**Q** 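Right, I'll just put the structure down here and ask away after.
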Amino acid sequence: ARWSVSIPQELGDSLDMLMRAAIATAVIPVDDEMMAGEDGTDYQFIAHFYSAECWSPGGGNNAKLVNLMDTICQLVKDHNVDQLVGMMPQISRLTAAYRAKIPYLPVSD
């Protein structure tokens with residue numbers, strides 16, 4: 001099944017930046033927080049030509065990303081654009097948290 005909803009460009013750009021930052025952390029040395037898994041579910045994230053996956057993280061940025069994306073998926077299914085837009089501060093905070101782990105990127109724009 002597929003679901004879709006039209007969102008403002010700013011929200012799309014924010015989600016794109018989040019995915020790029022999260023995927024970029026997949027190519028740097030990881031810590032235990034990023035490797036630990038809670039069950040057998042793998043989550044795959046794709047942005048343009050790049051992808052990364054994590055194994056049901058129990059904490060840290062990856063767990064926040066999985067929870068955030070689960071919420072976003074449900075809001076898309078419900079066509080709830082207002083709540084999606086309302087998630088922008090959370091998306092921005094998580095983007096900054098990922099970017100802080102990438103030494104060659106600035107923490108903020």
Side-chain angles (χ1 to χ4, degrees):
R2 291 180 181 246
W3 295 270
S4 65
V5 66
S6 293
I7 58 173
Q9 182 69 42
E10 184 180 9
L11 176 57
D13 292 345
S14 292
L15 288 168
D16 181 59
M17 286 191 305
L18 172 58
M19 288 298 100
R20 288 173 182 251
I23 291 169
T25 66
V27 297
I28 60 173
V30 296
D31 53 29
D32 290 339
E33 146 196 313
M34 296 173 77
M35 288 298 294
E38 296 290 310
D39 61 23
T41 304
D42 290 327
Y43 294 87
Q44 186 176 45
F45 300 97
I46 302 168
H48 306 278
F49 301 109
Y50 302 98
S51 68
E53 62 182 57
C54 61
W55 168 42
S56 295
N61 289 342
N62 290 346
K64 291 175 187 174
L65 179 63
V66 166
N67 292 333
L68 176 75
M69 296 312 291
D70 281 344
T71 299
I72 287 172
C73 287
Q74 187 59 52
L75 292 173
V76 168
K77 289 178 188 178
D78 295 342
H79 290 272
N80 194 330
V81 176
D82 291 338
Q83 280 192 320
L84 284 166
V85 170
M87 296 187 75
M88 286 190 59
Q90 186 178 351
I91 293 166
S92 295
R93 284 191 301 274
L94 188 53
T95 301
Y98 272 114
R99 290 177 69 135
K101 292 185 176 282
I102 306 170
Y104 54 87
L105 288 178
V107 174
S108 62
D109 289 330

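Fair warning: this is a prediction, and the values are worked out from it, not measured in the lab.
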**Q** Kindly write out the residues that satisfy side-chain contact (heavy atoms from CB on, under 4.5 Å) with V81, not counting sequence neighbours, or none if the list is empty.
**A**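 V81: side-chain contact (heavy atoms from CB on, under 4.5 Å) contacts with V5, P8, V85.
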**Q** How many angstroms lie between atom CG of N62 and atom CG of L94, to the nearest 0.5 angstrom?
**A**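 Between atom CG of N62 and atom CG of L94 there are 9.0 Å.
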**Q** Are Q83 and D78 close enough that some pair of their side-chain heavy atoms sits under 4.5 Å apart?
**A**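 Not touching, per the 4.5 Å side-chain cut-off.
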**Q** Return the set of residues passing side-chain contact (heavy atoms from CB on, under 4.5 Å) with A63 (not counting sequence neighbours), or none when no residue passes.
**A**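 P57.
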**Q** One pair to check against side-chain contact (heavy atoms from CB on, under 4.5 Å): C54 and V66. What are the steps and the verdict?
**A** CA-CA 9 Å; C54 61; V66 166; 3.9 Å; yes
**Q** Tell me every residue that passes side-chain contact (heavy atoms from CB on, under 4.5 Å) with Q44, counting only those two or more places apart in sequence or in another chain.
**A** I46, S51, E53
**Q** Begin with the C-alpha distance, continue with both residues' side-chain angles, and end with the deciding distance and a verdict on side-chain contact (heavy atoms from CB on, under 4.5 Å) for L15 and I72.
**A** CA-CA 10 Å; L15 288 168; I72 287 172; 3.6 Å; yes
**Q** Atom CG of L18 and atom CZ of R93: how far apart are they, to the nearest 0.5 Å?
**A**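 So the CG of L18 and the CZ of R93 are separated by 12.0 Å.
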**Q** State, yes or no, whether a side-chain contact exists between N67 and T71 at a heavy-atom distance under 4.5 Å.
**A** no
**Q** Identify the two heavy atoms, one from A24 and one from I102, that lie closest to each other, and give their separation to 0.1 Å.
**A**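 So the two residues come closest at CB-CD1, 3.4 Å.
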**Q** Using the side-chain contact (heavy atoms from CB on, under 4.5 Å) criterion, which residues pair with S92? Sequence neighbours excluded.
**A** none
**Q** Quick test of your reading: applying side-chain hydrogen bond (donor to acceptor under 3.5 Å, both in side chains), list the pairs with at least one residue in residues 2-12, sequence neighbours left out, ordered by first then second residue.
**A** Q9-D13
**Q** Hey, what do you get for CG (L84) to CD1 (I7), rounding to the nearest 0.5 Å?
**A** 7.0 Å
**Q** When rounded to the nearest 0.5 angstrom, what distance separates OH in Y98 from CG in L65?
**A**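 The CG atom of L65 is 4.0 Å from OH of Y98, to the nearest 0.5 Å.
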**Q** Once you round to the nearest 0.5 Å, how far does OG1 of T95 lie from CD of Q90?
**A** 10.5 Å
**Q** Salt bridge (charged side-chain N to carboxylate O under 4.0 Å, His left out) with D16: which residues, sequence neighbours excluded?
**A** R20
**Q** Let's go through R99 and T25 carefully: what are the C-alpha distance in whole Å and the side-chain angles of both, what is the deciding distance for side-chain contact (heavy atoms from CB on, under 4.5 Å) to 0.1 Å, and is it a yes or a no?
**A** CA-CA 8 Å; R99 290 177 69 135; T25 66; over 6 Å; no
**Q** Rounded to the nearest 0.5 Å, how far apart are CE of M69 and CD of Q74?
**A** 13.0 Å
